[in-house]
Amino acid sequence: MTPYGLTTEQRTEPLGIGERQPRLSWKSRSDRRGAAQTAYRITAEVLGRIVWDTGRRESDETLLVPWDGPVLQSVTRYHWRVQVWDETGAAAGQAQSWFETGLLHRDDWTAVWIGRDPVALPPVDPPTDEERSFPDPAAAPLYLWRDFELAEPPIRARLYATAHGVYEPSLNGEKVGDHELAPGWTEYHHRLQYQTYDVTGQVRAGVNVLGAIVADGWWSGHVGFDPSRPARHYGTAPAYLAQLVLDFADGSRRVIATDGDWQERPGPIRSADLLMGQFVDAGHHAGPAAPVAVLDTEPGPLVAEPDEPIRVTAEVPAVAVEQRGPGRFIVDFGQNLVGRVQLRIRGAGPGHRIVLRHAEVLTDGELYLDNLRRAQATDTYVTAGGDEVFEPQFTFHGFRYAEITGYPGVPAPADVTARVLHNNTPFTGRFACSDPTVEQLHANIVWGQRGNFVAVPTDCPQRDERLGWLADAQVFAPTATRNADVSAFLARWLRDVMDGQNADGAFRDVAPVLVLDREGAPAWGDAGVIIPWLLWRTYGDRRTLERSFAAMAAWVQHIRRHNPGLLWQNRTGNSYGDWLQVDADTPRDVLATAYFARSAQIVADAAEVLGRDSTPYRTLHAAIRKTFIEAYVGADGAVEGGTQTAYLLALGFDLLPPELVDAAVGHLAADIEKRGNRLTTGFVGVSLLCPVLSEHGRSDLAYALLHQDEFPSWGYSIRHGATTIWERWDGWTEHGGFQSAAMNSFNHYSLGSIGDWLYGHVAGIDQTPGSVAYRELLLRPQPGGRLTWARAEQETARGLVACGWSLDGELLTVTVAVPPGSTAVLEIPTSDPGSVRESGAPVPAEPSARGATVRLTSGRFTFTATSY
Ligand code: BGC
């Protein structure tokens, strides 16, 4: 058995962590069945000296083991090693990793905030109207620098930096690091992230120039949709804070920090905005340098960046470049994506003005721009002459198509590349099956995740919105955890959710709170309860649950206080109901009360896990459930409203008396069937649709919905060329064309919440209700529809889990992988439990409702059986 996949704070070898008690994790792999860790020992060293040794601990724990060595020092690299023993008693293996601390104490920061002198009039070389094609604000980004001289190169150099705005640091004219749009977006007044860069190789003996470019970003640029507050949400202008820590061979340390000795001068980027785009005049001749102003000597609420930053993670080549006129081209990248275009220009000569516009779809062969609303998504480049490469760095767009105008000559497809940006969460899941449309659906879901995990989980990446909407995040989060390790990303964003909670206990609709200063709607605010619980169940992240618990409880108490009758009638707050449902009107109170029950239940479960008193929340949950039944459930199992979503909530959240469950499933199925196997669900209901059908023996109907390609369905969007998940079922229809441009994104992940079912039911990877972080797997492959095979793999917190099946006539083959330390309950869908064989040999299988059940230890297994 070999340990691998070592992480600190759920990240691989993180540089500059801020946690005082970081948590260490590892996984194991083994060829032996039944392998399991029985003991471990962790040792940690600094500069070859052991600082922590747990000794041998008789424990099967592998996840999030808290540091309990000596108090961590700032700017220090800790190498750690784990040794494990397995059930054979043998020392099984060891592996090593490291983490490095950032600036852990306020006093470690000597840097002060610098920026353009706010009272200097007139401002230095402001962009002209042409250079910023959008209204205020747009000061030219700051180009900041200072030089320093060294007698010898350091043995180690670290840059700690952040900005009000978005920044790109440089050393001796070269970009530092591979972050994009740092420092990302958080509730800046509560927490501003700083980044750590290893610049040892970039600092040299002699004169060095430390610099940065800083643009408005989320701090002072455009975000959101409110025309009365389009920008300047946190401040009026960008600013920078950085310190370079140099360690020399003789043990001395020198710190170069932002201070009044820095200078600034506007450069080629004449304006830059996340929504509007970037204007670059490559031949712009900078005016004289001006001294910077020290804006603040207090660093503010700095925190170390706790998750993987935004990076360029992929390049997508142009699949077609079509000329539409002199110098005008339409480029198709074949994929709706999020990022920006990199363009090569060869020998154009100076002063050519090249304009790039971006769109998700075409109409009559031209860019469809109306759905971007006020986001101009326009990048402009004025050539300097020679061979040039243009790629804007302080903006991002959601697009599949780009229009290039003013291009000198004809760009070859290789001259135009889309660069894909998002938080670099490790993609750890794979799903595949025999049906290309279903595989396309899965690809659309994954692309929606990439495109909307940019700084925060956003609703959409293209229009003037791009906000961290809570319901979108909570319905999609289970799917997100299948595709990628989003543990650190979601835990970080949850702090924004918690910070946004108001004094009365209400979570909001969006986090960070930027617009909509009111309490969150049902299913929106509830994300503050649902996501901490999901992180506990999926990743075993107890600390996030612990840190969130008071806020979770306060939300439930808030609802209760305002709804003493226990029906969440939401008279004080807003409600979106089952947002973007079609041909259905799920009563808002039914939806709200179901979520109230669900949240109360989660708070009770969380209390139990954390060793607190769960009784008040259990009692509350039981009372809400009873009230729900009295108010909304008929003697025949009918649920008020009679919509698919009404049934899905009642069934999915266990709000029906057991004797009425079958009847309710019957009503739900009848509604789907009478519409010719079509759905009516919106954002909220859709996340329960296929899972609830499968859990109640109606996978046949779930598959019918999966394969449906008439409106409304996933298949309909795919038949009409979708490469991401659309915001609305009717984003574009044969009968109505485009939906209202006022709200019509083609890259919204919410309706992609079916991804969880593809992994969990079609391929069959899940865990039992009491299991944490896939310790006890529930493997339940579910052949159906037109599929002849399907399989999924997930690199979970405990190691690789796989489940797949194939049908060859009557013969069903099921292959599974269970990681060391985990066990599994495998449900084989067979008509004959006696036919079950493992690697050819008969195995005892208990007959069960779904066929046959087999209990497994860790290992890889191949079963055959007679299919249904
Ligand atoms: C957003 C959604 C969000 C909704 C709330 C829209 O503007 O794009 O994704 O959940 O508002 O109703």
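Just follow the structure's listing: the first ligand is 1, and inside any ligand the first atom is 1. Here the structure is a predicted model, which is why all the values come from computation and not from measurement.
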Using a 6.0 Å cut-off, check whether atom CZ of Arg560 has over 12 heavy atoms from anything other than its own residue. no

Does Gln376 offer a backbone N or O that forms a donor-acceptor pair with the side chain of Thr378 under 3.5 Å? yes

With salt bridge (Lys or Arg N to Asp or Glu O under 4.0 Å) as the criterion, how do Arg340 and Glu180 come out once you've worked through the C-alpha distance, each side chain's angles and the decisive distance to 0.1 Å? CA-CA 12 Å; Arg340 59 223 180 188; Glu180 301 290 342; 2.7 Å; yes

In this structure, CG of Asp766 is separated from OG of Ser694 (nearest 0.5 Å) by 11.0 Å

Ser750: side chain to side chain donor-acceptor pair (under 3.5 Å) partners, not counting sequence neighbours: Asp472

Cation over ring face, Arg728 and Trp726, 6.0 Å, 45°: no

Check each N or O atom of ligand 1 against all protein N or O atoms and list the pairs under 3.5 Å, with atom names and distances to 0.1 Å, one per line.
| residue | atom | partner | partner atom | Å |
| --- | --- | --- | --- | --- |
| ligand 1 | 7 (O) | Glu465 | OE1 | 3.3 |
| ligand 1 | 7 (O) | Glu465 | OE2 | 2.8 |
| ligand 1 | 8 (O) | Asp459 | OD2 | 2.7 |
| ligand 1 | 8 (O) | Arg463 | NH2 | 2.8 |
| ligand 1 | 8 (O) | His748 | NE2 | 3.0 |
| ligand 1 | 9 (O) | Asp472 | OD1 | 3.4 |
| ligand 1 | 9 (O) | Asp472 | OD2 | 2.4 |
| ligand 1 | 9 (O) | His748 | NE2 | 2.9 |
| ligand 1 | 10 (O) | Asp472 | OD1 | 2.6 |
| ligand 1 | 10 (O) | Trp524 | NE1 | 3.1 |

